[in-house]
Amino acid sequence: MFYDPIWDKQHEECGVLGIYDKHLDIPRYIYWGLFALQHRGQESGGIALTDGQDIHTFRGMGLISTVFANGVPEEEGGPVGIGHVRYSTTGSNNPRNIQPLAVYTPMGQLALAHNGNLTNTRTLREELDRGGATFQTTMDSEIIVNLISRSQKDTIEERIMESMNRIQGAYSLVLMTKDTLYGVRDPYGFRPLCIGRTDEGGWVLASETCALDAIGAKFVRDVQPGEFVQINEKGVKSTIFAKAPRKQACSFEYIYFARPDSVIDGQDVYQARLNMGREMWNETQYDADIVISVPDSGNTAAIGYAQASGIPFKHGLIKNRYMGRTFIKPNQKQRELAVRMKLNVVKSVVKGKRIVMVDDSIVRGTTSGIICKLLHEAGAKEVYMCVSAPPIKYPCFYGIDTSVRKELIASTFSVEQIQKYIGVDKLHFISIDGLNRAVEHIPKEDMCLACFNNDYPTDTPQANEEGEKYALEHK
């Protein structure tokens, strides 16, 4: 298992973007949109464009600014393009896994960008292998294009929808042919996808509304769970290809993944995080001198806690924004030094103070323990930690890079044991009911909470030692 030991967080795998517009400089606008989605994936990225006849991809490892350091591709004249930013899981930080994927099918060229994770990957892969399919990547996304290519339906639209009814799990997709843009959201709606309109009368599909804002597009609506959207010169055509018994929006979009300036399924993310802070105050009533956050993901909830409690919010930790991710397994001393490089304590703020420290989650507990140690070393009198996610006890099979269950500290430790392990004076995780109240526009039954309560809305693969979700990554 590779993970970033410097910053012990969960990671969401991808952000997707598609534009259909005959008047825009599509490569440049996709670049700007992907830049706004960079928080969803920092390992690789790419753009697919068309000249009206052929589809060409431009892809690379690293941030979008690195991938296109020598300039954005020239406008090719076609009306459509798609883009992708990716966070890779085990073994996946490999150039062959960069998206968008572009393939030749019996219906012509097709390009695809995928956000999410399929739960029947192994079954479909084995079936396709038996049928003579060949694979160039270790991604479940390639299974989707194989299914589309092998479908016997008469049109590409029918082939896509038939394939969607064969895959299971989480997926928000943008796809393109030489003249048409498509968007798909899985029947449960695990991963977000929205529709926007450009000033020139074109259309945009994006993982988050912040990407629409970045390119000056106006939000129209969210793609509904189980909806297939077709966009071309005739406008937008919508088809519901499947229905699930309930909607299951990922709770971590609101806790951590989405940018706070986005609105997902009618819920303002910033407001949800403010509400989480207020709920944690209602649940704790800690008597403290200051509230601080673990930047940046804990900022908004910490402000909410401060507003509700009347305890002043202070910047007690300063983040070095120029330190990238690393894929090493350092010893404890090296890990501590790395955290010190990324975060530094403002001693004059914390010295002698009783502190409420707010963070979004605790996954393995390694980084939280180091931060608490730094605060005590700087003279903090007491540290009370509030976490705006309930204890993460179970792995996610829907597109979040959680480790196998044995590496999740809350799967084996009680709250009291975690408190002792990370060295805080008090520790509180927001309750599931508190989280549901905070995400006020999403009913409790419409939110996926499986990583907290083991209530998976779909059948899940049987986990092996490394976790079934990584089955293809070891081939």
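Along the sequence shown, residues are numbered consecutively beginning with 1.
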Six-ring centre of Tyr171, Arg191 cation under 6.0 angstrom, axis tolerance 45°: no
Could you go through Asn146 and Glu142, starting from their C-alpha distance and side-chain angles, then the distance that decides it, and tell me whether this counts as side-chain hydrogen bond (donor to acceptor under 3.5 Å, both in side chains)? CA-CA 6 Å; Asn146 263 281; Glu142 194 175 7; 4.5 Å; no
Is there a side-chain contact between Ile392 and Ser361 (heavy atoms, below 4.5 Å)? yes
Is a side-chain donor or acceptor of Glu440 paired with a backbone partner of Arg437 at a separation under 3.5 angstrom? no
Output yes when a side-chain donor or acceptor of Arg273 lies under 3.5 Å from a complementary backbone atom of Tyr256, and no otherwise. yes
Tyr398, Tyr456, Phe397 screened by ring-ring contact (aromatic ring centres under 6.0 Å, His included) with Phe190, the one that passes: Tyr398
Is Arg159 paired with Asp154 through a side-chain N to carboxylate O contact shorter than 4.0 Å? no
Cationic N near anionic O, under 4.0 Å, Lys22 to Glu233: yes
Residue pair Ser238, Glu227: steps toward the side-chain contact (heavy atoms from CB on, under 4.5 Å) verdict: CA-CA 7 Å; Ser238 169; Glu227 184 179 8; 2.5 Å; yes
Do Lys218 and Leu212 come close enough that some side-chain heavy atom pair is under 4.5 Å? no
To check you understand the geometry: which heavy-atom pair defines the closest contact between Ile400 and Cys250, and what is its length? CD1-SG, 3.8 Å
With rounding to the nearest 0.5 angstrom, report the CZ to CD1 distance, Arg28 to Ile19. 12.0 Å
So which heavy atom on Gly189 is nearest to which on Pro225, and how close? N-CB, 3.7 Å
Hey, what do you get for CE (Met107) to OG (Ser149), rounding to the nearest 0.5 Å? 10.5 Å
Does the Thr209 side chain pair with the main chain of Val263, one donor and one acceptor, at a distance under 3.5 Å? yes
Assess the side chains of Ser388 and Asp360: does a donor N or O sit below 3.5 Å from an acceptor N or O? no
Apply side-chain hydrogen bond (donor to acceptor under 3.5 Å, both in side chains) to Gln307 and Arg278, showing your working. CA-CA 7 Å; Gln307 289 177 347; Arg278 292 168 181 163; 2.8 Å; yes
Without swapping roles, check the side chain of Arg185 against the backbone of Ser172 for a donor-acceptor pair under 3.5 Å. no
Inter-residue atom distance Leu181.CG - Gln230.CD, 0.5 Å rounding: 10.0 Å
Take the angle between the ring planes of Phe252 and Phe452 and call it parallel below 30°, perpendicular above 60°, tilted in between. tilted
Flag, side chain of Asn117 to backbone of Gly399, donor-acceptor distance under 3.5 Å: no
For Phe257 versus His39, what's the shortest heavy-atom pair and its separation? O-CD2, 3.1 Å
How far apart are the closest heavy atoms of Asp359 and Ser297, and which atoms are they? OD1-OG, 3.6 Å
Keeping the roles fixed (side chain from Asn120, backbone from Arg166), state whether a donor-acceptor pair exists under 3.5 Å. yes
Quick one, Thr177 with Asp179, criterion side-chain hydrogen bond (donor to acceptor under 3.5 Å, both in side chains). Give me CA distance, side-chain angles, the key distance, then yes/no. CA-CA 5 Å; Thr177 60; Asp179 56 11; 3.3 Å; yes
Run Cys210 and Leu37 through side-chain contact (heavy atoms from CB on, under 4.5 Å) and show every step you take. CA-CA 8 Å; Cys210 64; Leu37 295 174; 4.3 Å; yes
Is there a side-chain contact between Pro457 and Cys448 (heavy atoms, below 4.5 Å)? yes
For Gln53 against Asp51, the heavy-atom pair lying closest together: N-OD1, 2.8 Å
Quick check: do Phe58 and Val72 have side-chain heavy atoms less than 4.5 Å from each other? no
Side-chain heavy atoms of Val294 within contact of Leu317, under 4.5 Å: yes
Please walk me through it: do Phe429 and Leu435 pass side-chain contact (heavy atoms from CB on, under 4.5 Å)? CA-CA 10 Å; Phe429 293 88; Leu435 175 62; over 6 Å; no
Where Leu343 and Pro295 come nearest, the two heavy atoms and their spacing: CD2-CG, 3.7 Å
Going by heavy atoms in the side chains, are Leu17 and Leu205 under 4.5 Å from each other? no
Any donor-acceptor pair under 3.5 Å linking the side chain of Arg197 with the backbone of Gly202? yes
Between the side chain of Gln267 and the main-chain N/O of His441, is any donor-acceptor distance below 3.5 Å? yes
Roughly how far, to the nearest 0.5 Å, is CD1 of Ile144 from CG of Leu101? 9.0 Å
How long is the gap from OG on Ser293 to NE2 on His315, to the nearest 0.5 Å? 7.5 Å
Check whether any side-chain N or O of Glu127 sits under 3.5 Å from a backbone N or O of Leu124 as a donor-acceptor pair, and report yes or no. no
Asp459 atom CG, over 12 foreign heavy atoms within 6.0 Å: no
Side chains of Ile98 and Arg86 in contact at under 4.5 Å (non-hydrogen atoms): no
Under a 4.0 Å N-O cut-off, is there an ion pair linking Arg40 with Glu208? yes
Derivation and outcome, side-chain contact (heavy atoms from CB on, under 4.5 Å), residues Ile264 and Tyr254: CA-CA 8 Å; Ile264 296 177; Tyr254 303 102; 3.5 Å; yes
Got Leu112 and Gln99 here, is their nearest side-chain heavy-atom distance under 4.5 Å? yes
Interatomic distance, Met176 atom CE to Ile82 atom CD1 [nearest 0.5 angstrom]: 6.0 Å
Using salt bridge (Lys or Arg N to Asp or Glu O under 4.0 Å), reason through Asp455 and Arg246 one step at a time and then give a plain yes or no. CA-CA 13 Å; Asp455 181 16; Arg246 53 178 170 157; 3.5 Å; yes
Take the angle between the ring planes of Tyr31 and Phe35 and call it parallel below 30°, perpendicular above 60°, tilted in between. tilted
Quick one: does His84's side chain have a donor or acceptor within less than 3.5 Å of a partner on His114's backbone? yes
Can you classify the ring geometry of Phe228 versus Tyr182 as parallel (below 30°), tilted (30 to 60°) or perpendicular (above 60°)? parallel
